[in-house]
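First up is the structure itself, then whatever we jot down about it.
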Amino acid sequence: MRILQLHCNSIEFTPTKKEIKSAEEITPETKHLDEVVVTFIAVEEGDDKTVAKKAITEIKDSMAKVGCKKLLLYPYAHLSSKLASPTSALSVLKEMESLAIDLDVSRAPFGWTKSYKLDVKGHPLAENSKVITKEEGKDDTSEAIKSESKIKSYWYIMSPDGTMQEVEKFNFSPYPQLEILTKYEAAKKRSVDEPPPHVKLMKKMAIADYEPASDSGNMRFYPNGRLIKSLIERYVSEKVLNYGGFEVETPIMYDSHHPSLESYFNRFPARQYNINSEGKQLILRFAACFGQFLMAADFQLSYRSLPLRLYEMTRYSFRREQSGELVGLRRLRAFTMPDCHAFCKDMNQAIDEFKKRFELSREVLHGLGLVDSDYEMAIRFTEEFYNQNKQIIQETVKKLNKPVLIEMWKEKFFYFVLKWEFNFIDNLGKASALSTDQIDVENGKRYNIEFFDEQNKPHHPIILHNSPSGAVERIIYALLEKAAKDTKEGRKSHLPFWLSPTQVRLIPINPEFLPFCENLADKLTESKIRVDIDDRNESIGKRIREAETEWIRYILVIGEKEVNAKDLNVRDRETGEVKQIVFDDFVNRIREQIKDKPFSGLNSNRHITSRPQIMV
RNA sequence: GCUUCGAUAGCUCAGCCUGGUAGAGCGUUACCUUGGUAAGGUAAAGGUCGCGGGUUCAAUUCCCGCUCGGAGCUCCA
């Protein structure tokens, strides 16, 4: 906001004509004021109530100095070239007016061309101009975000044979998804006019929902959703532990004035949640990086313990994303993310580790039900890194065996020299990163993490930052989007079997067969299978239909025949066929499908009639 | 955060333009039905029309603000 303050003997002004459509509705008449401080005001982009308050405080200060009690607020666009929209300008002006009611305050009409006569006093303090901005010097946007838009990038496509081609020259026709990612990233082109299908599904399947009582982007997870999330968390954690990660736990909030953290925040492009507590400015973590770095800095490290892999499933990480960017489970403000850092003694070791983690990430995604064709890879690096380590990049692309989007930076902008991600492309052509890894050459020093080499000389390690799956919520989003795509293309949608809240549903023909169902359900539960019973008084057809809409893989109708036959009558949703199967064969068939995955029991009442109904 | 659209029964939505306090389907409850692989029947209950303010004799309907949500801009796990 820019203001020009004039201590006047008098002012007289007359609105002559409306300048803009949204001008205030008034009857134009000449006004005359004596002994008044006239404040010309231009409200600028981004000005809000805080600015209004600050401005009024300053105006009151100087009015007290000149001993004047009458104030005229005079909208005056010509003081600035980056004006706020008329609506917000008017509301800021009204705010100022209401904040100054203890003075004799008036306001010239907004949006009108006005003629005026001024008689300015001649004393030294009579004329005064000011620029007022929001939170001077306390802008909480990190430097990285502010200058991110200034990065110079060069975009290429690298083919599995290692050749790089400028994106403009690449023939995308066999790779429509890669083309979407490229346009998305390089050209920043997006156009969508409908909500993504997973939002409906996450509610309909009683997985997750918005929680209006929290901040946007902080979701509630229903029993089904919590079960799915917890299974994914356990699966990813087991994979990372097998790879060699050591699980730790670190605080979710940090003192933003801690010296290592302060400079780090300005190198990471994220907005934070801030909390003030007992005079401390705390920020909620946006990843596990600093917790693990601070921990590693306190370790006595020898080259022998490297690579050291620290791992945490961060529930939660917080990023105060712009509200307009939050959609369903795709992008949240509070999310769960596996975060694994590998501290390496040199670039060679880092590159070895990098290869392992690339494979780990791929395996994890496959285990979660996302195959190579579900995502596109992007690799970003500095020109210098490329010139020195061309081979590792080419090898990686070869392993993936399909073309990859390349972003090359002229100079190092972030703390990393290389970063890759697997990007899921959803039904609306939106790209979101899942797995990612980064080679960080700065933070070893910043956090004063040291190890001693063979000559007992201290060094800072190179640090790899890997999230093998990306955010867990985002995995659920990808699975739901994939399911929606199946429906759209005429296939049956489903979740991976090991994540299905109900794996087997029993439908007794009438209550007479309920005891038999209980018995069967007990036996299946003992074999670590999630089974429930639709004991409602509804027709068989209806109960089967509903089991189908809940994506339940196996449906067993239980009647006279089954009770006598001992064999099971199994309807397999994959094929729609009903088959007679011996109990043990059925159990084995299921166990086979989920043998290397974690298991949790049914996370709701076995009987449908006793369940709360969450979504229709 | 900005631009723009929206919010009516537990869910999905109609009614609002042209102001006179509401409807459907699904779900819920009760009863009937005891059914054999994708929707059996009847009835009932259920709404301060998101919140706050304004205009009006009268506001779910018109106007303003807020909250929440969708889309776009921008950005990322």
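In this text the structure is predicted, and so the values were computed from the model without any measurement.
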For A:Thr336, what residues pass the side-chain hydrogen bond (donor to acceptor under 3.5 Å, both in side chains) criterion, not counting sequence neighbours? A:Lys229, A:Glu473
Please confirm whether the shortest side-chain N or O distance from A:Gln613 to OP1 or OP2 of B:rG27 is below 4.0 Å. no
Sequence neighbours excluded, which residues qualify as side-chain hydrogen bond (donor to acceptor under 3.5 Å, both in side chains) partners of A:Asn510? none
Integer-rounded Å distance: B:rC76 P and A:Tyr477 OH: 15 Å
Applying side-chain contact (heavy atoms from CB on, under 4.5 Å) to A:Glu363 and not counting sequence neighbours gives A:Lys239
Mark this stacking check for A:Tyr210 against B:rG69 as yes or no, applying ring centres under 5.5 Å and ring planes under 30°. no
Under 3.5 Å, which N/O atoms of the protein pair with N/O atoms of nucleotides 40-50 of chain B?
unit_1	atom_1	unit_2	atom_2	d
B:rG40	OP1	A:Ser539	OG	3.0
B:rG40	OP2	A:Ser539	OG	2.6

Is any side-chain N or O of A:Lys419 closer than 4.0 Å to OP1 or OP2 of B:rA77? yes
Residues that A:His494 engages under ring-ring contact (aromatic ring centres under 6.0 Å, His included), provided they are two or more places apart: none
Taking any heavy-atom pair under 4.0 Å as a contact, classify A:Ser216: base, sugar-phosphate, or nothing. sugar-phosphate
My understanding is that only residues two or more places apart in sequence, or in another chain, count here; which of them pass ring-ring contact (aromatic ring centres under 6.0 Å, His included) with A:Tyr554? A:Phe497, A:Phe586
Is there a Watson-Crick or G-U wobble partner for B:rA22 with both distances under 3.5 Å, and which nucleotide is it? none
